[in-house]
Amino acid sequence: MKKKSSKVRAGVIVATCVIIALITLICGFITRPFIEFIDDPEKFRVWIDSLGVWGVLIFLGMVILQIIAAVIPGEPFEIAAGYAFGAVEGTIFCMLAEGIGSLIVLFLVRKFGVKLVESIFSKEKIESVKFLKASKSKLFLFTLIFIVPGTPKDLLCYYGGLTDMNFGVLSAVCFIGRFPSVITSVIGGSALGEQNYIFAVMVFAVTAIVSLSGIMIFNKINTVKEQKTKGEKKEK
């Protein structure tokens, strides 16, 4: 029985390493020119237009990979989507791609477990969301934290897969919860594309304030839950 368990564990580790290696290679060699274009929104828009429908498909693929790899910031993609596609289409494309990416992440985590999460995130980051697994109201807490702009959504999505929350409900939260962050970034990008710079600055300023508030809320909840857990351990 122990031999079988060791083989399964070894298989999970190997599979995880292969997945991470493939994602790294794809992000490193294929997406590098794409990411460079995102730094120059005007070039990005011209490039996307020149590719037609393939440009949309490539964009969707890159956003999906960004969610899975979880090492590339998502905001530049969302701003670029607003710039290249406009507010409505940009939001739809980002939400679709991020929803698919979240589903893949949850499936992989449920399949390969904690080893996959540990291979992507540091122990410190994983520790920062461990309170979610222990909380009795974890679904409510997870939803509340996830929906606020500025919180680490990719980390939360990966860690959510380790909990016993219903897969369908968790997928819905990871999809809908991204909307506030996506819509603000896409609208800002769209404003840049229309050369409405004052409005763009206003959108990004409000987004920055809300995101900073989100980070502070996340850190506060994390600290309170950590202190509560330590107090419960001392009582035992």
Side-chain angles (χ1 to χ4, degrees), residues 16 19-20 23 27 62-79 91 94-186 207-229:
T16 301
I19 290 168
I20 300 304
I23 290 171
C27 288
M62 295 305 100
V63 175
I64 290 168
L65 279 174
Q66 179 270 318
I67 297 293
I68 297 170
V71 292
I72 307 167
E75 287 78 8
F77 288 87
E78 294 161 4
I79 293 169
T91 300
C94 284
M95 288 299 295
L96 176 63
E98 292 187 20
I100 293 170
S102 298
L103 275 173
I104 293 171
V105 164
L106 292 172
F107 174 79
L108 289 174
V109 174
R110 288 283 165 97
K111 185 76 175 173
F112 299 110
V114 69
K115 293 292 181 184
L116 176 61
V117 182
E118 288 176 344
S119 65
I120 295 174
F121 297 100
S122 65
K123 285 185 177 179
E124 289 77 17
K125 285 188 176 181
I126 296 171
E127 287 291 329
S128 72
V129 291
K130 267 194 171 179
F131 65 87
L132 286 169
K133 200 171 182 181
S135 175
K136 291 178 182 177
S137 54
K138 54 179 166 283
L139 179 57
F140 171 76
L141 199 57
F142 184 86
T143 305
L144 179 65
I145 294 171
F146 203 96
I147 207 165
V148 176
T151 55
K153 289 175 179 49
D154 291 339
L155 170 61
L156 287 166
C157 187
Y158 266 92
Y159 195 77
L162 296 175
T163 68
D164 59 358
M165 286 186 280
N166 178 273
F167 186 88
V169 174
L170 194 57
S171 301
V173 173
C174 289
F175 174 68
I176 298 168
R178 293 183 186 274
F179 183 75
S181 296
V182 169
I183 189 68
T184 50
S185 296
V186 173
T207 303
I209 293 168
V210 173
S211 297
L212 184 61
S213 301
I215 293 168
M216 290 172 67
I217 290 168
F218 174 75
N219 290 336
K220 182 66 177 177
I221 292 173
N222 186 19
T223 303
V224 170
K225 289 291 179 182
E226 192 177 336
Q227 288 174 350
K228 189 178 178 182
T229 303

List the residues meeting side chain to side chain donor-acceptor pair (under 3.5 Å) with E98, not counting sequence neighbours, and say none if there are none. none
Applying side chain to side chain contact (heavy atoms under 4.5 Å, CB included) to I104 and not counting sequence neighbours gives I64, I68, I100, L108
The criterion is side chain to side chain contact (heavy atoms under 4.5 Å, CB included); which residues satisfy it with L103, sequence neighbours excluded? F167, S171
Please give me the minimum heavy-atom distance between [X] and [Y], naming the atom from each residue.
{"X": "L106", "Y": "G160", "answer": "CD2-C, 4.5 Å"}
{"X": "L116", "Y": "S119", "answer": "O-OG, 2.6 Å"}
{"X": "A69", "Y": "I120", "answer": "O-CG2, 3.8 Å"}
{"X": "F179", "Y": "M95", "answer": "CA-SD, 3.7 Å"}
{"X": "N166", "Y": "G168", "answer": "OD1-N, 2.9 Å"}

Donor-acceptor contacts, no H, no angles, side chain residues 143-150, under 3.5 Å, sequence neighbours left out:
| from | atom 1 | to | atom 2 | distance (Å) |
| --- | --- | --- | --- | --- |
| T143 | OG1 | L139 | O | 2.7 |

Going by the salt bridge (Lys or Arg N to Asp or Glu O under 4.0 Å) test, which pairs reach into residues 146-161, not counting sequence neighbours? D154-R178
Tell me, which pairs form a salt bridge (Lys or Arg N to Asp or Glu O under 4.0 Å) where one or both residues lie in residues 64-79, sequence neighbours left out? none
Carefully, step by step, assess T151 and L156 under the rule side chain to side chain contact (heavy atoms under 4.5 Å, CB included). CA-CA 8 Å; T151 55; L156 287 166; 4.1 Å; yes
What distance do I183 atom CD1 and T207 atom OG1 have between them, rounded to the nearest 0.5 Å? 10.5 Å
Minimum side-chain heavy-atom gap F142-L170 below 4.5 Å: yes
Whether T184 side chain and P180 backbone form a donor-acceptor pair below 3.5 Å: yes
